[in-house]
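To keep things clear, I will list the structure first and then write my remarks on it.
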Amino acid sequence: MRRFGLNAKWDNVWVVFSPVTTLWYLRFLRVGFKHCFLILEDNGYFFIVDPLSSKIELMSFHILGDKLIKELENCDMKVVKAFINENVPSSWKFGIFTCVEVVKRILGISSLRVITPYQLYKYLLK
């Protein structure tokens, strides 16, 4: 059985940044960075963790990784390879439930300065 969580060993992890949102109040965010979600790969199986405003969608499927990344990029999404920090602080800082906060928690990022998808994108590029 596969163990999920911060201690799981994933083959690959990507953060996907989407330019599309259905929430009117997110129109103030930077163009191209309205939403973010995760793709986790394990042995050729892919798991999408998509934190929405009302729920977290979890999807799994079997597809070639390169094909998936190209499809997302063809839809004007930015895909950044990421890593899960295994040295997670024992106590977390306060955070509002957003797609960015969920992605940060899964990746083990505790930076208070990362609030928007664009800030997360810049953080991951460092």
Side-chain angles (χ1 to χ4, degrees):
M1 183 164 100
R2 180 81 170 108
R3 178 180 176 169
F4 293 90
L6 290 176
N7 294 327
K9 304 286 187 204
W10 297 98
D11 296 337
N12 290 298
V13 179
W14 295 275
V15 180
V16 181
F17 298 92
S18 172
V20 179
T21 183
T22 58
L23 303 174
W24 66 269
Y25 52 86
L26 295 181
R27 68 174 184 232
F28 300 107
L29 294 175
R30 184 179 292 261
V31 174
F33 296 90
K34 306 290 185 189
H35 179 62
C36 61
F37 60 93
L38 279 171
I39 299 175
L40 307 166
E41 180 190 4
D42 179 41
N43 241 0
Y45 288 89
F46 293 84
F47 302 88
I48 293 181
V49 180
D50 193 358
L52 303 172
S53 61
S54 60
K55 61 185 174 184
I56 296 177
E57 285 190 353
L58 303 171
M59 295 167 268
S60 67
F61 51 96
H62 189 70
I63 189 172
L64 297 175
D66 293 339
K67 181 178 179 184
L68 173 63
I69 300 302
K70 287 189 190 312
E71 285 294 321
L72 292 170
E73 290 174 341
N74 286 341
C75 294
D76 293 329
M77 296 186 190
K78 293 187 179 16
V79 182
V80 177
K81 188 153 175 74
F83 300 94
I84 293 178
N85 177 12
E86 296 185 21
N87 299 318
V88 179
S90 59
S91 64
W92 282 93
K93 313 294 188 282
F94 172 77
I96 299 170
F97 183 81
T98 64
C99 60
V100 174
E101 193 63 30
V102 171
V103 169
K104 282 172 43 180
R105 301 258 176 149
I106 292 172
L107 294 178
I109 299 170
S110 62
S111 174
L112 292 174
R113 294 184 178 171
V114 177
I115 300 169
T116 68
Y118 183 71
Q119 291 169 335
L120 179 60
Y121 176 75
K122 294 305 253 179
Y123 182 92
L124 293 172
L125 291 181
K126 288 197 279 182

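Applying the salt bridge (charged side-chain N to carboxylate O under 4.0 Å, His left out) test to Glu71 and every residue at least two apart in sequence or in another chain returns nothing.
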Legend entry - Stepwise side chain to side chain contact (heavy atoms under 4.5 Å, CB included) test for Val49 and Ile39: CA-CA 6 Å; Val49 180; Ile39 299 175; over 6 Å; no
Inset, instruction - Go through the steps for Phe46 and Trp14 under the test side chain to side chain contact (heavy atoms under 4.5 Å, CB included), then give the verdict. - result: CA-CA 11 Å; Phe46 293 84; Trp14 295 275; 3.6 Å; yes
Inset, instruction - Test side chain to side chain contact (heavy atoms under 4.5 Å, CB included) on Tyr123 and Val80 and set out the steps. - result: CA-CA 11 Å; Tyr123 182 92; Val80 177; over 6 Å; no
Inset, instruction - Output, in order, the C-alpha distance, side-chain angles, deciding distance and verdict of side chain to side chain contact (heavy atoms under 4.5 Å, CB included) for Phe61 and Phe47. - result: CA-CA 7 Å; Phe61 51 96; Phe47 302 88; over 6 Å; no
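In this structure, Ile109 and Asn85 have side chains that are not in contact, with every pair of non-hydrogen atoms separated by 4.5 Å or more. Taking 4.5 Å as the limit, every side-chain heavy atom of Ile48 sits out of range of all side-chain heavy atoms of Leu38. Put simply, the side chain of Leu120 reaches to within 4.5 Å of the side chain of Val15, judged on heavy atoms. Looking only at side-chain heavy atoms (C-beta outward), Lys81 and Asn12 come within less than 4.5 Å of each other.
Taking all atoms of both residues into account, the shortest heavy-atom contact from Pro51 to Ile56 is CA-CG1, 4.1 Å. The nearest pair of heavy atoms linking Pro19 to Gly32 is CB-CA, 3.6 Å. Pairing each heavy atom of Ile84 with each of Ile106, the nearest pair is CG2-O, 3.7 Å. Taking every heavy atom of both residues into account, Gln119 and Arg113 meet most closely at OE1-O, 3.3 Å. Listed here is the closest heavy atom pair of Val79 and Glu73: CG2-CG, 4.1 Å. Taking both residues in full, the closest heavy atoms of Leu29 and Lys34 are given as O-NZ, 2.7 Å, listed atom of the first, atom of the second, then distance.
Here OG of Ser54 is found 9.0 Å from CG of Leu23. Values are rounded to the nearest 0.5 Å. Considering CG of Leu40 and CH2 of Trp10, their distance stands at 5.0 Å, rounded to 0.5 Å. For the atom pair NE2 (His35) and CZ (Phe17), the distance works out to 10.5 Å, reported to the nearest 0.5 Å. Taking OH of Tyr118 as the reference point, atom SG of Cys36 lies at 14.5 Å (rounded to 0.5 Å).
The 12-atom threshold is not exceeded at CD1 of Ile96, counting heavy atoms of other residues, nucleotides or ligands nearer than 6.0 Å. Taking a 6.0 Å sphere around NZ of Lys70, one finds it holds 12 or fewer heavy atoms contributed by other residues, nucleotides or ligands.
Taken together through direct or relayed side-chain contacts under 4.5 Å among Ile, Leu, Val, Met, Phe, Trp and Tyr, Leu26 and Val16 form parts of separate hydrophobic clusters. One hydrophobic cluster, built from ILVMFWY side chains closer than 4.5 Å, holds both Leu58 and Val100. At a threshold of 4.5 Å between side-chain heavy atoms, the hydrophobic network of Ile, Leu, Val, Met, Phe, Trp and Tyr places Val20 and Tyr25 in two separate groups.
Taking the six-membered ring where the residue is Trp, the centroids of Phe33 and Tyr121 are separated by under 6.0 Å.
Here Glu101 pairs with Lys104 in a salt bridge; the nearest charged N to carboxylate O distance falls below 4.0 Å.
Counting only distance, with no hydrogens or angles, the side chain of Asp50 and the backbone of Glu57 share no donor-acceptor pair below 3.5 Å.
Hydrophobic cluster membership of Leu52, counting Ile, Leu, Val, Met, Phe, Trp and Tyr whose side-chain heavy atoms lie under 4.5 Å apart directly or via other members: none, as it forms a cluster of its own.
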